[in-house]
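Proteins get letters first, then strands, A, B, ... in listed order; numbering begins at 1 in each. These numbers were taken from a predicted model, which means no experiment stands behind them.
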Protein chains: 2
Amino acid sequence: MNATLPDTDSPSRARILAGARREFADRGFEGARLSDIAGQAGLSHPTLLYHFTSKAELYGAVIASAVVDWTRETEAAVSGALHGFDQVASIIDAGFAFFASHPDFARILRREALDGGHRLDDAIAGALRPFLERAVAFLEREMEAGRLRRHDPLELMAICYGAVFTYFSDAGFRARLLGEDPLSEVALSRHRHALTELLGAALRPA
Amino acid sequence: MNATLPDTDSPSRARILAGARREFADRGFEGARLSDIAGQAGLSHPTLLYHFTSKAELYGAVIASAVVDWTRETEAAVSGALHGFDQVASIIDAGFAFFASHPDFARILRREALDGGHRLDDAIAGALRPFLERAVAFLEREMEAGRLRRHDPLELMAICYGAVFTYFSDAGFRARLLGEDPLSEVALSRHRHALTELLGAALRPA
DNA sequence: ATACCTCTACTGACTTGTCAGTAGAGGTGC
DNA sequence: GCACCTCTACTGACAAGTCAGTAGAGGTAT
């Protein structure tokens, strides 16, 4: 897409990306305003369009940078040599850690999931589907070997995805409902602990 | 909100509401176009604004009608005289049934949750918080009585909320990822069954 | 003849993207 | 040590289009 490519990571570009992540998370693709994003970076909106040729390209850059982080940060957890429930807990931990350090991205991703995910085709093919397939294969193997109790592996992943993902994407809602900050360290580890306990009770062999 | 109320349910009004539900679910509040909604009802957009004085009022009416349905349809499940895990399964079933019959509302609700839920304050105070409090109180009582294994009741609700809610709000994403319709009867009961089994394995006393 | 419902035509606000031009840093020849 | 050029980063002004909401007139049933 970028034919003549001098900069790639100027300070302005980085500030624009940071503001864009916030605005796209807060207001969605349609709701975000280029002039607001530019303003947060201390620039006028034409300058933003000097660095990114269109709103869509800027959005794509935000997604891409998060997908890079996701792949890097989950790699360790997935390729670990653990077995049975320890490996499950490790993946849950990795998911929590990733979203806790990328809370805005959780909301961007949810908006995409709501829209059917058509803008995520590359990310799905490149990162999400492989991740899911490895996880399901792992679960099947471990259940077969008797190191995990039998459950539907794919649906188990869907349940974990829903629980972890929702905690972060709906953090504002939870805050309003319960009057506490879900991204605080205590709230976060309370939820992670509860999920891990629940899964452990259901998955650990008797 | 509706002080001087002549019509309340003309045929046009009902058709507008149905179209609005679809459009708000598909594109969000900002993305939805009044002229598209009106067009689906066979009307021009100023005619829509004759029935609903603003886009925001129309949106509020969509939310309100769904909250009415929610309260009615979950009432039976929550006030049932069941005990232990049977009651838990009954609430899960009710949640599935509600969202399966209101798939568009699931996505509208998720968009609201993403935005922090500030437009849902009435619904939270009137329906959601009471529902949650009754559920948590029930879980505590049953755990105390030994009819359910001990888990964190609030987090347990959050996990169920996340799993059920995500299944419906992200149905389009799941369809893209797996290539099957998540709202089909088989897919739906597969997921509900998996969730019920998982919860049962974790919650039923040994 | 009046209440209700609908339309066409229009406005004002706003948004993305374009364009011409400015400021300043840095290299080069002399 | 200076005239000249080029490049990046940036801006204000504007073009083009979209959208919610308004005004006012017409049709229809009672």
Side-chain angles (χ1 to χ4, degrees), chain A residues 1-64 108 111-112 115 118-119, chain B residues 1-64 108 111-112 115 118-119:
Chain A
M1 300 288 159
N2 214 339
T4 60
L5 55 163
D7 49 1
T8 307
D9 48 22
S10 69
S12 290
R13 231 184 113 96
R15 287 203 315 279
I16 291 169
L17 275 171
R21 195 159 41 237
R22 264 194 305 276
E23 288 298 307
F24 284 136
D26 282 355
R27 312 195 201 286
F29 182 79
E30 304 249 14
R33 303 301 169 211
L34 292 187
S35 48
D36 291 347
I37 296 171
Q40 287 185 29
L43 299 170
S44 64
H45 95 268
T47 304
L48 184 156
L49 288 166
Y50 166 79
H51 290 283
F52 300 89
T53 59
S54 71
K55 190 180 187 182
E57 196 208 289
L58 171 60
Y59 189 74
V62 169
I63 300 271
I108 292 174
R111 292 186 194 276
E112 285 306 316
D115 292 347
H118 52 88
R119 263 184 286 225
Chain B
M1 299 289 161
N2 213 337
T4 58
L5 54 164
D7 48 1
T8 308
D9 47 23
S10 69
S12 290
R13 230 184 114 93
R15 286 203 315 279
I16 291 168
L17 275 171
R21 196 158 40 236
R22 264 194 304 277
E23 289 298 307
F24 284 135
D26 281 356
R27 313 193 200 288
F29 181 79
E30 303 249 15
R33 304 301 170 211
L34 291 187
S35 48
D36 291 347
I37 296 171
Q40 287 183 29
L43 299 170
S44 65
H45 95 266
T47 303
L48 184 158
L49 287 167
Y50 167 80
H51 291 281
F52 299 89
T53 58
S54 72
K55 190 182 187 181
E57 194 207 292
L58 171 59
Y59 189 74
V62 168
I63 301 270
I108 291 173
R111 293 185 193 277
E112 285 307 316
D115 292 346
H118 52 88
R119 263 185 285 225

A:Arg111 side chain to A:Ala25 backbone, donor-acceptor under 3.5 Å: yes
Protein-nucleotide distance (B:Asp36, atom CG; D:dT18, atom P), rounded to Å: 12 Å
Summary of protein contacts for nucleotides 19-25 of chain D, nucleotide by nucleotide, where a base hit scores B, a sugar-phosphate-only hit scores S (4.0 Å, heavy atoms): SBBB---
Phosphate OP1/OP2 of C:dC4 contacted by B:Ser10 side-chain N/O (<4.0 Å): no
Closest contact, heavy atoms only, B:Leu48 versus B:Ala38: CD1-N, 3.8 Å
Side-chain N or O of B:Ser44 closer than 4.0 Å to phosphate OP1/OP2 of C:dC7: yes
Rounded distance in Å - CZ (A:Arg13) to P (D:dA9): 10 Å
Residues A:Glu30 and B:Arg33 bridged, charged N to O under 4.0 Å: yes
Atom-to-atom span, CG of B:Leu43 to P of C:dC4 - whole angstrom: 18 Å
Note, B:Glu112 side chain near B:Phe29 side chain (heavy atom, < 4.5 Å): no
OP1 or OP2 of D:dT11 under 4.0 Å from side-chain N/O of A:Thr47: yes
Check: A:Ile37 and A:Leu43 side chains under 4.5 Å, non-hydrogen atoms: no
A:Glu57 CD - C:dT18 P separation (whole Å): 12 Å
C:dT6 phosphate, OP1 or OP2, under 4.0 Å from B:Tyr50 side-chain N/O: no
Geometric class of the B:Phe24/B:Tyr59 ring pair [parallel <30°, tilted 30-60°, perpendicular >60°]: perpendicular
